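Taking it in order: structure first as structure tokens, then the write-up.
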Amino acid sequence: MKKRILSGVQPTGALHLGNYIGALRQWVDLQHETDAYFCIVDYHAITVKQDTQELYDNIHSLAAMYVAVGLDPSKVTLFKQSDVSAHTELAWILNNFTHMGELQRMTQYKDKAKGNGKQTVGLFTYPVLMAADILLYQPHMVPVGEDQKQHVELTRNIAQRFNNRFSETFRVPDVMHPKDGARIMSLDDPNTKMSKTGSSQWGYIALSDAPDVVMKKIKKAVTDSGSTIEASADKPALTNLLVIYSAVSGKTVGELEELYHGQGYGKFKKELGEAIVTWLEPIQERYHELIQNYDELQAILKQGQERASVVAQVTLDDVKTKIGVI
Ligand code: ATP
Ligand code: LTN
């Protein structure tokens with residue numbers, strides 16, 4: 001039997017190279033050999049303030065990007081979290097199997113709540129909703145970037161706690177990171193992760209960025225002192241650029257180091273920018289076709305909802321029976 005995987009992205013803005021290299025690239029690679037579920041986690045997005053129309057548009061553009069990067073909706077289940085009400089139902093139940101202290105230790109919560117005296121309960125219990133997203137589908141693996149490792153660990157703890165209290169109910173899933181690029185760094189600050197909401201526009205390359213924007217962002221990207229182009233612990237900025245180059249060109253970091261041995265940063269950056277633009281071209285073409293075809297996107301999400309609901313309901317009914325409400 002095929003192994004099952006599940007993952008998700010928040011519809012909070014354009015997908016960037018960090019999302020692709022850290023998460024979606026693995027999804028595309030795994031889609032044929034696994035039974036795969038990919039979610040648009042719109043209820044996670046509202047844990048920070050969203051504009052109504054923008055959120056609606058972001059959901060559809062993320063669905064289009066999922067398909068444009070290579071996910072085949074006839075092979076995988078693409079769906080919207082809010083379309084399957086089992087997610088919020090299970091999240092409520094799991095809230096009662098999660099300790100305050102566990103959530104207080106979550107680094108993403110601490111980062112997002114920083115300097116804000118008015119953080120919401122939704123932001124606090126965000127990881128419990130994520131645990132519900134995962135556990136409903138009984139996946140073997142959760143392919144995500146490194147920043148999500150702590151959330152998957154919490155999910156495992158919640159699952160084990162529930163299983164110990166009642167009987168075997170949830171599969172305890174493993175986190176799965178890519179070999180390279182589990183944490184792509186910001187282009188303007190190699191000490192922080194590339195993010196669509198956290199850093200300036202110069203920090204990330206969106207998959208929807210126009211060629212001239214890509215070239216400008218790469219030109220402005222921070223580099224390390226010295227002049228050799230190599231990946232090493234004391235060259236975090238160049239290492240990051242090499243990992244990105246490798247992902248978009250298919251060449252290994254070692255091959256790229258050899259190719260640029262003795263060459264200047266100028267030539268390296270120009271060719272890296274061009275490689276990204278070339279790689280993005282077919283993705284953007286497919287994206288533009290899809291985004292204009294609203295009915296097709298709706299049909300993909302509807303089909304995903306139908307498939308996901310069936311699987312999710314089986315787990316939810318089992319949980320409700322075990323706790324005594326049915
Ligand atoms: P935010 O704007 O909150 O930073 P984000 O860019 O991290 O959002 P998410 O929707 O939270 O995007 O993440 C989607 C997936 O992309 C997750 O699996 C996450 O681990 C991965 N991811 C996000 N940023 C990076 C990064 N810089 N490097 C590698 N993977 C990443
Ligand atoms: N918190 C994740 C998004 C997310 C997710 C999930 C990822 C929500 N539910 C379930 C994997 C599985 C993030 O990337 N910020």
Side-chain angles (χ1 to χ4, degrees), residues 3-12 18-19 22-23 26-27 36-48 81-82 84-114 116 119-178 182-183 192-193 195 197-198 308 311-312 315-316 318-320 322-323:
K3 293 232 159 134
R4 189 173 283 171
I5 61 172
L6 176 132
S7 197
V9 175
Q10 304 181 78
T12 46
N19 298 138
Q26 306 186 81
W27 305 3
Y37 291 77
F38 300 119
C39 191
I40 294 174
V41 290
D42 47 356
Y43 278 164
H44 277 109
I46 63 163
T47 58
V48 297
Q81 183 187 38
S82 65
V84 182
S85 58
H87 291 237
T88 43
E89 272 192 71
L90 182 63
W92 177 255
I93 297 170
L94 296 182
N95 269 329
N96 304 292
F97 294 86
T98 311
H99 304 146
M100 296 285 285
E102 287 176 310
L103 295 181
Q104 270 152 355
R105 281 196 293 276
M106 293 292 117
T107 52
Q108 182 176 297
Y109 171 72
K110 288 195 267 187
D111 287 348
K112 290 203 174 177
K114 214 183 273 169
N116 179 355
Q119 53 276 42
T120 64
V121 179
L123 185 65
F124 188 62
T125 64
Y126 172 121
V128 183
L129 178 58
M130 176 161 164
D133 297 340
I134 296 170
L135 297 176
L136 277 174
Y137 297 88
Q138 311 280 359
H140 298 81
M141 289 166 304
V142 182
V144 283
E146 205 176 72
D147 60 314
Q148 295 303 311
K149 186 172 178 216
Q150 199 186 24
H151 287 158
V152 179
E153 261 158 25
L154 174 71
T155 302
R156 290 168 56 88
N157 290 339
I158 296 172
Q160 274 155 350
R161 191 170 296 146
F162 193 97
N163 289 350
N164 288 341
R165 165 81 201 276
F166 299 96
S167 56
E168 212 55 30
T169 306
F170 299 120
R171 174 172 284 130
V172 181
D174 290 318
V175 71
M176 186 180 187
H177 301 308
R183 190 173 171 82
T192 61
K193 75 158 194 146
S195 156
T197 53
V311 179
T315 305
L316 183 64
D318 185 25
V319 169
K320 287 170 81 171
K322 296 224 164 106
I323 64 168

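From a predicted model like this one, the values you see are computed outputs, not experimental measurements. Along the sequence shown, the residues carry numbers beginning at 1.
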Subject >> Side chain Gln138, main chain Thr169, donor-acceptor under 3.5 Å >> reply: yes

**OP:** Check the pair Ile93 / Leu316 against side-chain contact (heavy atoms from CB on, under 4.5 Å), numbers first and verdict last.
**Re:** CA-CA 10 Å; Ile93 297 170; Leu316 183 64; 4.3 Å; yes

Original post:
How many angstroms lie between CD in Glu102 and CG in Asn157, if you round to the nearest 0.5 Å?
Top reply: 6.0 Å

**OP:** Please confirm whether the backbone N or O of Val144 pairs with a side-chain atom of His177, one donor and one acceptor, at under 3.5 Å?
**Re:** yes

Original post:
Which value, rounded to the nearest 0.5 Å, describes the distance between Met130 atom CE and Thr125 atom OG1?
Top reply: 13.5 Å

**OP:** Taking the side chain as every heavy atom from C-beta outward, state whether Gln148 and Val142 have any pair of such atoms under 4.5 Å apart.
**Re:** no

Original post:
Can you tell me how far the NZ atom of Lys320 sits from the OG1 atom of Thr315, to the nearest 0.5 Å?
Top reply: 12.5 Å

Original post:
Closest approach of Ala91 and Ala132, non-hydrogen atoms and distance?
Top reply: N-CB, 3.6 Å

Original post:
Can you name the closest pair of heavy atoms from Tyr43 and Ser82 and give their distance?
Top reply: CZ-CB, 3.5 Å

Original post:
Between Pro139 and Ile134, what is the shortest heavy-atom contact and its length?
Top reply: CD-O, 3.0 Å

Original post:
Do side-chain atoms of Asp42 reach the backbone of Pro11 as a donor and acceptor pair under 3.5 angstrom?
Top reply: no

**OP:** Please check if the distance between the ring centroids of His87 and Tyr137 is under 6.0 Å.
**Re:** yes

Original post:
Between atom CG of Asp318 and atom CD1 of Ile323, what is the distance when rounded to the nearest 0.5 Å?
Top reply: 11.0 Å

Original post:
Heavy-atom distance under 4.5 Å between the side chains of Phe162 and Leu135, does that happen here?
Top reply: no

Subject >> Closest contact, heavy atoms only, Gln10 versus His44 >> reply: OE1-O, 3.5 Å

Original post:
Can you check whether Arg156 reaches Pro173 side chain to side chain, under 4.5 Å on heavy atoms?
Top reply: yes

Original post:
Around atom NZ of Lys149, are there more than 12 heavy atoms of other residues, nucleotides or ligands at under 6.0 Å?
Top reply: no

Subject >> Side-chain touch Phe124/Met106, heavy atoms, less than 4.5 angstrom >> reply: no

**OP:** Could you tell me the separation between the OH atom of Tyr109 and the OG1 atom of Thr47, rounded to the nearest 0.5 Å?
**Re:** 11.0 Å

Original post:
For Arg105 and Lys110, which heavy atoms make the closest approach, and how far apart are they?
Top reply: O-CE, 3.7 Å

Original post:
Do Phe170 and Ile158 come close enough that some side-chain heavy atom pair is under 4.5 Å?
Top reply: no

**OP:** May I ask you to decide if the ring planes of His151 and Tyr126 are parallel, tilted or perpendicular, using 30° and 60° as cut-offs?
**Re:** tilted

**OP:** Taking the side chain as every heavy atom from C-beta outward, state whether Asp133 and Ser7 have any atom pair closer than 4.5 Å.
**Re:** no

**OP:** Indicate whether the side chain of Gln108 and that of Asp147 have a donor and an acceptor atom separated by less than 3.5 Å.
**Re:** no

Original post:
Can you check whether Glu146's main-chain N or O pairs, donor with acceptor, with Arg183's side chain at less than 3.5 Å?
Top reply: no

**OP:** Indicate yes or no: at least one non-hydrogen side-chain atom of Val172 is less than 4.5 angstrom from one of Asn163.
**Re:** yes

Original post:
Rounded to the nearest 0.5 Å, how far does CE of Met141 lie from CE of Met176?
Top reply: 5.0 Å

**OP:** Specify the closest pair of heavy atoms between Leu6 and Pro143, including all atoms of both residues, with the distance to one decimal.
**Re:** O-CD, 3.5 Å

